[in-house]
Amino acid sequence: DRELYSNIEIALYKSRMERKIEHLNAVLRALCNVSQLTTTEKDRDRLLKGACENLIGTRGYHSAWIVLWDENGKPVTAAEAGLGEDFFKMIELLKDGKLPICGEKALFQSDIVVTSNPFSICTNCPLAGKYKGRSAMTVRLEHGEKIYGMLTVSIPRELARDKEEQKLFKELAGELAFALYSIEVEEKRKQAERALKLER
């Protein structure tokens, strides 16, 4: 009996580890794709949309969404993949100056916010129904002293608190934030050039 129980335990552990490795490989592929995108895409909105699509395209995450805000905390743009029309409700919430619980927490900390069961916890979130049986990870997009916005993904529950998973997710957020910073710097440079031309 003990041997049978032990064999079942080993088989379950092996199955969990295989799923974890498969998932991390999918996340690594997404990270590579997003990394490549950040070096080639100079349009902010296309960058965000492409990042979200890449995050779900490798099957690393079930859904992904990004919102950027201005210095006053007002949303300036958003992108999603895997959520469809339900995301319009989130945009309305953001336009009303409200953030979902994960967003409020992410705004005030640089660590990843893990929401184990958004379906039952996030009562004010119009996307909660999309997370049934899954967890969410949210992180703010920041470079230097500036916070550009936040990124949220839907992930299998058993992987949301995995340290390797979180490390990759944080790396991804850093890449995106740096790309946003680079786009901003380039835009300022172009504005300065235009201003110089007008002065002549």
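- Atom CD of Q36 has 12 or fewer neighbouring heavy atoms from other residues, nucleotides or ligands inside a 6.0 Å radius.
- In terms of hydrophobic clustering, with Ile, Leu, Val, Met, Phe, Trp and Tyr side chains grouped at heavy-atom distances under 4.5 Å, I101 and M137 are assigned to different clusters.
- Applying the ring pair (Phe, Tyr, Trp, His ring centres under 6.0 Å) rule to H62 yields no partners; only residues at least two apart in sequence or on another chain are considered.
- Between E193 and R189, at least one side-chain N (NZ, or NE/NH1/NH2) sits under 4.0 Å from a carboxylate O, which counts as a salt bridge.
- By the criterion of side-chain heavy atoms lying less than 4.5 angstrom apart, applied directly or through intervening Ile, Leu, Val, Met, Phe, Trp or Tyr residues, M90 is not grouped with Y61; the two fall into different hydrophobic clusters.
- The side-chain heavy atoms of S182 and V185, taken from C-beta on, include no pair separated by under 4.5 Å.
- To the nearest 0.5 Å, atom CG of residue L55 and atom OG of residue S154 are 11.5 Å apart.
- The closest side-chain heavy-atom distance from L83 to W65 is below 4.5 Å.
- Between L94 and W69, the closest side-chain pair of non-hydrogen atoms is not below 4.5 Å.
- Taken together through direct or relayed side-chain contacts under 4.5 Å among Ile, Leu, Val, Met, Phe, Trp and Tyr, L180 and L107 form parts of separate hydrophobic clusters.
- Proximity of a side-chain donor or acceptor of K74 to a complementary backbone N or O of E71 within less than 3.5 Å is not detected.
- At a threshold of 4.5 Å between non-hydrogen side-chain atoms, the residues K95 and E92 count as touching.
- When the shell of 6.0 Å around CD of E22 is examined, it contains 12 or fewer heavy atoms from other residues, nucleotides or ligands.
- Cluster membership check: I56 does not share its hydrophobic cluster with L172, using side-chain heavy-atom separations under 4.5 Å among Ile, Leu, Val, Met, Phe, Trp and Tyr.
- Each side chain to side chain donor-acceptor pair (under 3.5 Å) pair with one or both residues in residues 103-116, not counting sequence neighbours, appears once here: S116-R161.
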Check the pair E165, R157 against salt bridge (Lys or Arg N to Asp or Glu O under 4.0 Å), reporting the backbone distance first and the verdict last.
-> CA-CA 12 Å; E165 175 72 45; R157 250 185 220 157; over 6 Å; no
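- With sequence neighbours excluded, no residue forms a ring pair (Phe, Tyr, Trp, His ring centres under 6.0 Å) with Y131.
- One finds the SG atom of C125 at 7.5 Å from the CG atom of L93 (value rounded to the nearest 0.5 Å).
- Summarising the geometry of I155 relative to A160, their closest heavy-atom pair is CG2-CB, 3.9 Å, with the distance given to 0.1 Å.
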Enumerate donor-acceptor pairs with a distance under 3.5 Å from any side-chain N or O in residues 144-153 to protein atoms, sequence neighbours excluded.
from : atom 1 : to   : atom 2 : distance (Å)
K146 : NZ     : E184 : OE2    : 2.4
Y148 : OH     : E184 : OE1    : 3.1
T152 : OG1    : T138 : OG1    : 3.1

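- Between L47 and K42 the shortest side-chain heavy-atom distance does not fall below 4.5 Å.
- Between the side chain of D70 and the main chain of N72, a donor-acceptor pair closer than 3.5 Å is present.
- Between atom CG of residue L176 and atom OG of residue S35 there is a gap of 9.5 Å, rounded to the nearest 0.5 Å.
- Side-chain contact check for V113 versus V139: every heavy-atom pair is 4.5 Å or farther apart.
- Neither V67 nor I112 shares a network with the other; the hydrophobic side chains, linked directly or stepwise wherever heavy atoms of I, L, V, M, F, W or Y lie under 4.5 Å apart, form separate groups for each.
- For residues 119-142, the pairs satisfying salt bridge (charged side-chain N to carboxylate O under 4.0 Å, His left out) are D86-K130, R140-E142, with sequence neighbours left out.
- Between D43 and I183 there is no side-chain heavy-atom pair separated by less than 4.5 Å.
- The closest donor-acceptor contact from the side chain of E80 to the backbone of C52 lies at 3.5 Å or more, if one exists at all.
- The aromatic rings of Y181 and H143 sit tilted relative to each other, their planes meeting at an angle between 30° and 60°.
- Between the OG1 atom in T77 and the CG atom in L68 there is a gap of 6.0 Å [rounded to 0.5 Å].
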Would you sort out whether E53 and K49 count as a salt bridge (Lys or Arg N to Asp or Glu O under 4.0 Å), showing the intermediate values?
-> CA-CA 6 Å; E53 285 171 353; K49 184 66 178 160; 3.8 Å; yes
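- When side chains are defined from C-beta on, L127 does not count as touching P100, because their heavy atoms never get closer than 4.5 Å.
- Residue pairs meeting the salt bridge (charged side-chain N to carboxylate O under 4.0 Å, His left out) criterion with at least one member in residues 32-41, sequence neighbours excluded: E41-R46.
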